[in-house]
Amino acid sequence: MSHQMKHNARRRQRPGTTEPETPADATEDFACTECETNDTSQSNNGEVVCNECGLVIEEENIDQGPDWRAFGPAERDEKSRVGSPLTETMHDKGLTTNIDWKNKDAYGNSLSGRKRRQMNRLRTQQERASTKDPQERNLRHAFGEIDRMASALGVPQSVREISCMIYRRALEADLIRGRSIEGVASSSLYAGCRQGNIPRSLDDIETVSRVEQLEISRAYRYIMRELGLEMKPVSPKEHVPRFCSSLDVSNDVERKATEVIEVTAEAGLASGKSPTGFAAAAIYTAAMLCGEDTTQRAISEVSKTSEVTIRIRYPEQMEIFTDPNHEN
DNA sequence: AAATTAGGTTACGCGAC
DNA sequence: GTCGCCAAACCTAATTT
């Protein structure tokens, strides 16, 4: 799986090695495919973004280095945890030993008849244990769904892990009873996206989900409440990169839009408004301020808001932004 | 393409019936 | 169990500029 991704430039210096410290730029091996520059940087949500054109180059970026530091060989042995990485996206966290199908022992010798029958029994047992236990089957089904939907929406792996963790907790707290697996899986993904600061609207989730929005939001509220998870309201700013990269606008506009949101939200314009609509309007405002032409229609399409909403929102933002007794 | 207008829909939980 | 509550935000659709 994607855990196998190699990523040499990001591997940290290990103690005990004799190689000299190489103070390499953390993301130097990501060159932008559009404008041929190496001027890229990594945002805190796991995306690598080109500083020139705003193109998102790498979305599923996992740090392969250890999450610990050691000061000497003894300590390294102590802290090292060997084995394949744990993942939340598999029903058994990818942890169990699988019995393979070959009737050979570890040295490649054939097994005796008795041993062979024993191995067959073990295989059947394992298969039953992992597929017949209702809880495990539930998780398999749900995680399959989460992965499918996340792929369709282009959601990075880190968020999938969060989503699967939320689902697992819901299952363990016995919150699924009376709700569909699909519905809870969808709402876990929605919640995971928000937690990971890569929000997707309920509309977005619905387009890839097999259940309707009402059920998703119901399950979402219920599970958040029961698990005691606090969710910060989504800032319109978090939608800007996604909308802009779907549009054909310069990153000047993107930056400006973020600025517009900051300033106008400060003035209290954003409260009570839908974050997607507000972000959409800010992009339109920014495009006008930058002298680039974009149509309200195009923005409304990628943001899944109506043109009318953009129309109502943007003059309010524009006013604050061009107000003489307000700086900028 | 953008603006205007009109009219309908949504979502929530709660107490009352 | 369902009725009503009630406003602001948002939507669609038709029309005009």
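Each chain gets a letter, A, B and so on, in the order the sequences are listed, and its residues count up from 1.
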Given atom [atom1] of [X] and atom [atom2] of [N], what is their separation to the nearest angstrom?
{"X": "A/E206", "N": "B/dT10", "atom1": "CD", "atom2": "P", "result": "13 Å"}
{"X": "A/I299", "N": "B/dA1", "atom1": "CD1", "atom2": "P", "result": "12 Å"}
{"X": "A/K273", "N": "C/dA7", "atom1": "NZ", "atom2": "P", "result": "17 Å"}
{"X": "A/D293", "N": "B/dA2", "atom1": "CG", "atom2": "C1'", "result": "13 Å"}
{"X": "A/Q213", "N": "B/dA11", "atom1": "CD", "atom2": "P", "result": "7 Å"}
{"X": "A/Y220", "N": "B/dA11", "atom1": "OH", "atom2": "P", "result": "15 Å"}
{"X": "A/I312", "N": "B/dT4", "atom1": "CD1", "atom2": "C1'", "result": "10 Å"}
{"X": "A/M288", "N": "B/dA2", "atom1": "CE", "atom2": "C1'", "result": "10 Å"}

What does [X] touch in the nucleic acid at a heavy-atom separation under 4.0 angstrom: a base, only the sugar-phosphate, or nothing?
{"X": "A/G277", "result": "nothing"}
{"X": "A/T294", "result": "sugar-phosphate"}
{"X": "A/S217", "result": "nothing"}

*asked:* Ignoring hydrogens, what is the shortest heavy-atom contact between A/I261 and A/A282? Give both atom names and the distance.
replied: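 Scanning both residues completely, I find the closest heavy atoms to be CG1-CB, 3.5 Å.
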
*Which whole number of Å gives the distance between the P atom of B/dC17 and that of C/dC6?*
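To the nearest whole Å, 15 Å.
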
_Measuring only between side-chain heavy atoms, which start at C-beta, is A/E254 closer than 4.5 Å to A/F243?_
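They are not in contact (no side-chain heavy atoms under 4.5 Å apart), so the answer is no.
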
*With respect to the phosphate group of C/dC10, does any side-chain polar atom (N or O) of A/S274 fall under 4.0 Å of OP1 or OP2?*
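Checking A/S274 against C/dC10: at least one side-chain N or O falls below 4.0 Å of OP1 or OP2.
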
*Any side-chain N or O of A/R313 under 4.0 Å from OP1/OP2 of C/dC10?*
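Yes, because at least one side-chain N or O of A/R313 sits under 4.0 Å from OP1 or OP2 of C/dC10.
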
_Selected nucleotide, minimal atom distance to A/T309 side chain, candidates C/dC11, C/dC10, B/dA1_ =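 From the listed options, C/dC11 comes nearest.
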
_Approximate separation, where rounding is to 0.5 Å, of A/E301 CD and A/E307 CD_ =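 Those atoms lie 8.5 Å apart.
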
*Does the base of B/dA2 carry an N or O that pairs as donor and acceptor with the side chain of A/R311 under 3.5 Å?*
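Counting by modelled atom types and ignoring angles, no donor-acceptor contact under 3.5 Å is found here.
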
*With DNA chain B as reference, determine whether A/Y284 or A/V308 sits nearer its 5' end, using the nearest nucleotide of each.*
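That would be A/Y284.
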
*Cation-pi check, A/R179 to A/Y222: give yes when NZ or CZ is under 6.0 Å from the six-membered ring centre and within 45° of the ring axis, no otherwise.*
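Relative to the ring axis of A/Y222, which defines the angle, A/R179 lies inside both limits.
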
_CG (A/D293) with more than 12 external heavy atoms under 6.0 Å_ =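 Count not over threshold, so no.
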
